Structures are given as structure tokens and as C-alpha cells.
> 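Questions regarding the structure given below will be posed in turn.
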2 protein chains.
Amino acid sequence: MIRIVIAEDHQALIDGVKLSLEYEKEIKVIGEANDGEMLIDLVVKLKPDMVITDIRMPKCDGITATQKIKELYPEVKVIAFSMFDQREAITQMKAAGASGYVMKNSSLKTLLSAIFSVNEGKHFFDDKIIIGDENSEEKIILSRREKEILGLIGQGKTSYEIAEVLFISKSTVDTHRRNILRKINVHGKTDLLRFAIERKYDF
Amino acid sequence: MIRIVIAEDHQALIDGVKLSLEYEKEIKVIGEANDGEMLIDLVVKLKPDMVITDIRMPKCDGITATQKIKELYPEVKVIAFSMFDQREAITQMKAAGASGYVMKNSSLKTLLSAIFSVNEGKHFFDDKIIIGDENSEEKIILSRREKEILGLIGQGKTSYEIAEVLFISKSTVDTHRRNILRKINVHGKTDLLRFAIERKYDF
DNA sequence: AAAAAAATACCTATAAATAGGTATTTTTTA
DNA sequence: TAAAAAATACCTATTTATAGGTATTTTTTT
């Protein structure tokens, strides 16, 4: 039996994950935290086998929480659960002692695979993550221009407005936009915006 | 001379605010922090007269940071700087010892007014904030259905998909959507989404 | 029971974003 | 210098969202 504590500030996501994990007899969710401080408290209280934690949370983020947890209980496995493929986050989570990294938009099967792998002492990093060579400092997924445009999208600007600001045609902005969607593997403005907004927080 | 430290995880916003404050001779921005921990360190190091801080930041949020700062240096004035009109945030910031609350979409004149008022020992809370009577626990701005729909929008669902989930027509969803935009006083999906996403974090 | 608020739903029209295609020029890297 | 990557730009078409209007039914509050 793998005893798990989930930390995630979106209760809806916790509910979803719990529901899916309930079908697995070998897994039991023994605690839920909505922020990093709650997570640490729960780990101290419950001594779980594993922690599945969001990276960005109120009060104390997942990286800091992981560091503390690993300091206190090195035997507790940690899987990071994040919205996007962000290599700094992966690097920092690895450094903090996490054994796995799963993206929220991956299937719950992926999460299950991660849980079982990590439980066996292995490491698990989500396939969806576009990994360069381990050495490369930071894999530039988006080009400079694409990052610039993504920033402007995050500021609420329309393609036409972005075109005006950058002195290029709307067609070009649309093309960049399409390429960004393809590169970060999302569809629709919601996820694009979530990426644009959260990438700044979610490390 | 009012010596100010700004804490905000969007460097672009810091730059904008700094630029505007530079024209004021009585104000000097003596430090910038990109997260709550940095903010506390800077306050200890620089002993500013005033702190302008975002509420949602990595590592340590603005509320916790404000509590710590007020504990250490009760004479340091704090102005909260947040994206939206969220009464829990205001309540918590007040409790933590903040003297003012300004929304990011207010004009910089508002921020200046806040700085000067707070510097004179007054309190300043942004006009844009829809305040009910001080007693009312939480002013319900959005109706239950509107909140539900906003949540689904935040999950990336289209109006049609939301209609399907709630067993109502797309027209109705669009009407609710329009009313939500009106009530929170924004235009366009970006701000709507920012509201939907950030209201969960930004307290 | 009457008034107010919330939820329902449709109409028209425009603006914005997505998705597919192609293609040229510029810049960077090997 | 040749190849690869990035930036530029247009075409078509569909879907989604915004903005204005109006109007009925249901629920809640006074």
C-alpha cells in the first residue's frame, strides 16, 4: 500500500486525482493540502510514503516544501505535479530531491506510472517534457520573438495590437502564435494564457 | 523623501511603476524584490519607509511577508498591489497590517495618491474596489451560477462546452459570460481568464 | 403577495482566434 | 559558405468570443 499526500491549491484537481487513484487498491490518499505549509504539517503528522505536490502554491511553494520534507524525511518520495513543461522547475525540483515530474495535462495513467515507478525507487519524468541534453543549461523552446509575443499575449493584447507594437503584420503575429501553440503543445487561448501567466510563477 | 521597496514578480510591472515614480522628487525606489523572501531581506537591509507589494508572489506571499515586516518594523508602511478586487485579500492584508490596497489596473495616479496618503499616516483603499458595508462578511459580486461558469471558463472550456456540462443553452452561457465581464469590469478573455485563474491564488 | 434578483434563451453583428496551407527573406549556426 | 533556424507574410475557412438588444421563467427576498 502506497500512502500518499496530495498538495495542490486547486481543490477541483485534488478531487479529480483522488477519484482516479481510488480505483487503485495499492494506493491510498491519506491527506490533502492546499498550500505548502499544510503539506509540511501533514507530512510530519502522517509520515506518508509519497507526496504529489504542485509547484506553485500559496504560503510556501512546492520546491521549498520539497526541500524541507527531504531534510526531515529523506525516505518520503516526492512527485512534482505542474501545469507546464518548465525546465527550471524540473531542475529545481530535482535539486530539492523530487523523484518525478508529471504535467497536469498528461493523462492520469502517466501519473499512475510515475507513482509506481517512483515507489520502486526509480525516477520518472514526464514524456511530454521536451528534454534537451542534460548538460544544456536551458533548452530554448520558444524563440526570442515568440517569447516576446507570448509576453504581449499575456498582457491581454490582441494579434492586431501586437502587430502594431512590433511594427510587423498581423499575419506574422498569427503565424508566431500558431507556432507557440504547437511548441508548447496546447490548443486554445485559455491554455496559452495560462502558460503566459503561470510561467512567471510556476518557476 | 519617501524611501520605497517594491515587491512584484513581474519585472515589467516593477519597471513601469519605477518609471512613473521617478518623476516624483519626494519618492525614491530604493529596492526591488521579485518574491516575498527577497522582500523581507530587503526590508531588513534597507529599512525603507514604505513597501509596495504584490499579494501573490513565489516563495512567500505578500500577506505573510507583510506580517513578518510589521512584526519586525511596525513603522514600515505597506501598500498592497493586486490584480483584482478581492475582499478576502483586502481583509487579510488589513489584518497583516497593510495601510493601503491598490489594484494593478488602476491608474498610477491612484498609486501615487495611495503613497502620499499612507505616508501621512492615513489609510488608502482603492476606489475601484466594490465595497459593501464593512460588516458584511463577503460581498457576493458574482451569483452562484456565474461563479460556476467562471470556474469552467478557467478550466479552458468554451461556452458551448460549458452549456453541455450544465445542460443549458449556449445562449445562456454567453449571457452569464457577458454579465461576469460587466460585473468584474473587464473586457476580453485575457482579463477574464486572469481573474478566473488568479482569484484562486491571489487570495 | 409583490418586488427584486437570478437564470434562462434568442436575435444580430463584429472581432478575434484557430487551423490548415504556402512562401520569401533574414539571421544564425555548423 | 552552405545549411538550419527564425522571422516575415499572405490565403482560406471555421470556431469562439464580444457587444448590443430583448424577453420569459424561476427563485429569492422583502
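Just so you know, these numbers come straight off a predicted model, no measurement behind them. Scope of the values below: all heavy atoms of this structure, side chains included, with no hydrogens, waters or symmetry mates. Below, chain A is the first sequence line, B the second, and so on; all start at residue 1.
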> Tell me whether the count of non-hydrogen atoms from other residues, nucleotides or ligands lying under 6.0 Å of OH in A:Tyr73 goes above 12.
yes

> Does the side chain of A:Ser171 get closer than 4.0 angstrom to OP1 or OP2 of D:dA9 through an N or O atom?
no

> Does a side-chain N or O of B:Thr158 approach OP1 or OP2 of D:dT15 to a distance below 4.0 Å, or not?
no

> In whole angstrom, what separates B:Arg182's CZ from D:dA17's C1'?
17 Å

> Between D:dT16 atom C1' and B:Lys170 atom NZ, what is the distance in whole Å?
7 Å

> Between A:Arg144 and D:dA6, is there a contact of a side-chain N or O with OP1 or OP2 at under 4.0 Å?
no

> Taking NE2 from B:His176 and C1' from C:dA6, how many angstroms apart are they, rounded to a whole number?
8 Å

> How many whole angstroms separate atom CG of B:Leu192 from atom P of D:dT16?
16 Å

> So does B:Thr172 get a side-chain nitrogen or oxygen closer than 4.0 Å to the phosphate oxygens (OP1/OP2) of C:dT8?
no

> Regarding A:Thr190 and B:Lys157, is there a side-chain donor-to-acceptor distance under 3.5 Å anywhere?
no

> Between atom CG in A:Leu181 and atom P in D:dT15, what is the gap in whole Å?
18 Å

> Which whole-number value in Å describes the distance from A:Arg177 CZ to C:dA15 P?
17 Å

> Is there a side-chain polar atom (N or O) of A:Ser159 under 4.0 Å from OP1 or OP2 of C:dA17?
yes

> Within the pair A:His187 and C:dT18, is there a side-chain N or O less than 4.0 Å away from OP1 or OP2?
no

> Considering just the side-chain nitrogens and oxygens of A:Thr175, establish if one lies under 4.0 Å of OP1 or OP2 belonging to D:dC10.
no

> Report which part of the nucleic acid B:Asp174 touches: base, sugar-phosphate, or nothing (heavy-atom distance under 4.0 Å, all strands).
base

> With a 4.0 Å cut-off on N to O distance, would you call A:Glu71 and A:Lys68 a salt bridge?
no

> Roughly, in whole Å, what's the span from OH in A:Tyr160 to C1' in C:dT14?
15 Å

> Starting at the 5' end of DNA chain C, which residue's closest nucleotide do you reach first, A:Gly156 or B:Asn179?
B:Asn179

> Hey, is NZ on A:Lys70 packed in by over 12 heavy atoms from elsewhere, all under 6.0 Å?
yes

> A:Leu193 has an atom CG; how far is it from atom P of D:dA17, in whole Å?
12 Å

> Please determine whether a side-chain nitrogen or oxygen atom of A:Arg178 lies at a distance below 4.0 Å from atom OP1 or OP2 of C:dG20.
no

> Looking at B:Ser143, I'd like to know whether one of its side-chain N or O atoms comes within less than 4.0 Å of OP1 or OP2 on C:dA6.
no

> Which atom pair, heavy atoms only, marks the closest approach of A:Glu146 to A:Ile180?
O-CD1, 3.4 Å

> Return no unless some side-chain N or O of A:Arg145 is found under 4.0 Å from OP1 or OP2 of D:dT8.
yes

